[in-house]
2 protein chains.
Amino acid sequence: MSNAYNRPDQLSPELRRRVLDTARRLGYPGPDPVARSLRTRKAGAVGLLLTENLSYAFRDPAAIGFLEGLALACEDAGTGLLLVPANPEREDVASVHRAGVDGFVVYSVPDDDPHLAAVLERPVPTVVCDQPDLGTVDRVGIDDRGAMYELARHLISLGHRRVGVVCMRLARDRNDGFVTADRQHAAHFHVQRNRLSGLAEAFSEAGVDWSQVPVVERFDHNMASGASGAAQVLDKDPQITALICTSDVLALGAMTEAARRGLRVPHDLSVTGFDGIREAEAAGLTTVRQPVLEKGRAAGKLLLDSNERSRPRSVNLATELIIGKTSAAPRGGAEERWFGP
Amino acid sequence: MSNAYNRPDQLSPELRRRVLDTARRLGYPGPDPVARSLRTRKAGAVGLLLTENLSYAFRDPAAIGFLEGLALACEDAGTGLLLVPANPEREDVASVHRAGVDGFVVYSVPDDDPHLAAVLERPVPTVVCDQPDLGTVDRVGIDDRGAMYELARHLISLGHRRVGVVCMRLARDRNDGFVTADRQHAAHFHVQRNRLSGLAEAFSEAGVDWSQVPVVERFDHNMASGASGAAQVLDKDPQITALICTSDVLALGAMTEAARRGLRVPHDLSVTGFDGIREAEAAGLTTVRQPVLEKGRAAGKLLLDSNERSRPRSVNLATELIIGKTSAAPRGGAEERWFGP
DNA sequence: TGAAGTGACCGTAACGGTTCAGAACCAATT
DNA sequence: AATTGGTTCTGAACCGTTACGGTCACTTCA
């Protein structure tokens, strides 16, 4: 029977026709994909674990780019892409257990997330993205630390010494406010931890006492958070000459707050982002561009040709420092004479 | 055994512990989701069929909004969302057959698409979106025809009589150029067909010979298409006072072309769109806003509570005419005295 | 003390396909 | 005529799980 559908060469055309005819007459809807998957041990789909609220993936431009790249890789391979809901509120690991997939891509979740643990227990290949190297599964990411270090060097060379930071959530608990050094080090989001540590290193080297730098955290990732985070930093220390945001979305929000306060960017305040999304380019933001689409595509490729037990691979994609028109030497800064526009 | 995982109440805690212990010792990875699906006849996922190149879904703002709404509905119900690749080039219906899902959502595909036919043959509930009412499955959409009629009335009341149109693809074959009346009527994309027919009706009523109106079609849906489409219309008839685009993305592209030609919008040329995406709002575009997120959510809800054999439901969501600053009375037009700004 | 009732546990039969071994058949060769 | 080879077709095993009904021990009540 299944031969009639899948192996036309294995039987005579006449029998095939007869089988298909009676099948249609009996109202047979064609082979059941689930039963087929059980037998062949291939689901024909890869799972994408997004710990964030599922709809978040469609709001964040960087996440959309990643999704697009991953979808492209899946399309090339002819497999589907299953978005696995993983609501962080109820610890509903069941969704991971219930997903019939040939492998998982894990995108930017906290490293202590129970869903991630559940994925790693499943006997399928996995690629983690923007995560620490687990040593046991493939990984794709960028050098967040190095890229942010480079951005910090840019600001330092412009003459900035008194700065503030707005970052995304650092752990699963909501903490909208200032961040202690401890919390920075213990951050469960690999990406944010490394970006902060790149900043800390560069500014420490430049003689800045990092523990005195105001770092504000926001749980939600949108422009409003960027604006309110910027407000909190500027209230704390109105003397800062640069505001460093760990994402473009936050930075764009920060720009609106600067405008609201009548601060001219970059004359009165430099603002920087991270990601290199289209909106940032349009705004001329100084930022680090990372190849989000390529990241998704690389994750998909890695997963889809998981050769039997080659040792875990780790891919780092290149980033590029984009110097836009939102960073300049601080007003009246000593260095202005040498580094100004 | 399965009880130990799924029905802790059916057995004593002691046995449960013992079972789970030996399971772990034997390296048992937990119940297999595919086998479970086979037995329970529930896949725990819904399929989304996008006939367009898969990555398209992540480029078009309206599609993203739809996806977000659908993802929200799925998240609420605790089911996954499977993106089914359906490359229009190779007629690869296998992807539809291979998808292990409890139902399908079909989003804006041509009504003669073989993938759609394949979905309808599958014995699972289906919701079509932006499609003609098939009478056999649930449907969600808007009144494209009526909404466009209303937009046309707005332009007519401003005094526009000589207009041009840029529309999205009308069928599966690529036809970048002028569109005959025949092709307009025979269009296989329900949405485009109805928008055009709303225009034709309104302008015909106003005494305009619709067959003389230049209508240009573009296969790809991006701003560049809008720009080149606008150029083609303006080359054909530089006298037009309004350019009607069947999507905001095309309209935004048309605006860039108008600017390139030194045409001031709306003074020299009115431009209108359709969808109500964020970028259009930012640009002050005159357009029709449709609730894309709600459309996705409605499709998901419809699918997920498919009560046994209720007769097919059809949902029409409300739209809203947004009069922005890209439409005004034509320069020197007779009506200007009464309707001008 | 025996019958009936209760709850925990276990064995087995599907679910619907794929695969593979071998039966049946036919033709050609020794 | 018997053996060989090749092709087409049939049947049974298996994939891993859950639903279901039956067994068994143990309690309860007459």
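Atoms considered below: every heavy atom in the structure, side chains included; atoms not considered: hydrogens, waters and symmetry mates. Residue numbering restarts at 1 for every chain, and letters A, B, ... go by the order of the sequence lines.
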request  = Only counting residues at least two apart or in another chain, list the ones meeting side-chain contact (heavy atoms from CB on, under 4.5 Å) with B/R17.
outcome  = B/E14, B/D21
Interatomic distance, A/F219 atom CZ to A/L170 atom CG [nearest 0.5 angstrom] = 11.0 Å
note = In whole angstroms, the gap separating C1' of D/dT8 from CZ of A/R16 amounts to 15 Å
Identify all pairs in which a protein N or O lies below 3.5 Å from an N or O of nucleotides 11-14 of chain C, and state each distance.
from, atom 1, to, atom 2, distance (Å)
C/dA14, N3, B/R39, NH1, 3.2

request  = Answer yes or no: does a side-chain N or O of A/Y5 lie under 4.0 Å from OP1 or OP2 of C/dG16?
outcome  = no
request  = Return the value, rounded to whole Å, for the distance between atom NZ of B/K42 and atom C1' of D/dG16.
outcome  = 19 Å
ask   = Any side-chain N or O of B/R36 under 4.0 Å from OP1/OP2 of C/dC15?
value = no
request  = Examine distances only and state if a side-chain atom of A/D130 and a backbone atom of A/V191 form a donor-acceptor pair shorter than 3.5 Å.
outcome  = no
key: side-chain contact (heavy atoms from CB on, under 4.5 Å) partners of B/V292, counting only residues at least two apart   = B/A62, B/Q290
task = Figure out the CG/P separation between B/L38 and C/dG17, and round it to whole Å.
result = 9 Å
task = With sequence neighbours left out, write down each residue that passes ring pair (Phe, Tyr, Trp, His ring centres under 6.0 Å) with B/Y107, or none if nothing qualifies.
result = B/F66
inquiry  = What's the separation between atom OG in A/S108 and atom CD in A/Q192, rounded to the nearest 0.5 Å?
reply    = 8.0 Å
request  = Return the value, rounded to whole Å, for the distance between atom CZ of B/R17 and atom C1' of C/dC9.
outcome  = 17 Å
remark   = Of the candidates D/dT17, D/dA19, C/dG16, the side chain of B/T40 sits closest to D/dA19
ask   = To the nearest Å, how far apart are A/Y28 OH and C/dG16 P?
value = 9 Å
message = Check whether B/D102 reaches the backbone of B/V46 with its side chain - one donor and one acceptor, N or O, closer than 3.5 Å.
response = no
ask   = How large an angle, rounded to 10°, do the end axes of the helix from C/dT1-D/dA30 to C/dT30-D/dA1 enclose when each is built from five base pairs?
value = 60°
inquiry  = Looking at B/D173 and B/R183, is there a salt bridge between them, counting it only when a charged N and a carboxylate O are closer than 4.0 Å?
reply    = yes
query = In whole Å, what is the span from the CG atom of A/D32 to the P atom of D/dC15?
reply = 19 Å
ask   = Within this structure, what is the NE2-to-C1' distance between B/H97 and C/dG17, rounded to whole angstrom?
value = 15 Å
task = Name all residues meeting the side-chain contact (heavy atoms from CB on, under 4.5 Å) criterion together with A/N222; count only those two or more places apart in sequence or in a different chain, and write none if there are none.
result = A/D220, A/A224, A/S225
ask   = DNA chain C: B/R18 or B/A35, which has the more 5' nearest nucleotide?
value = B/R18
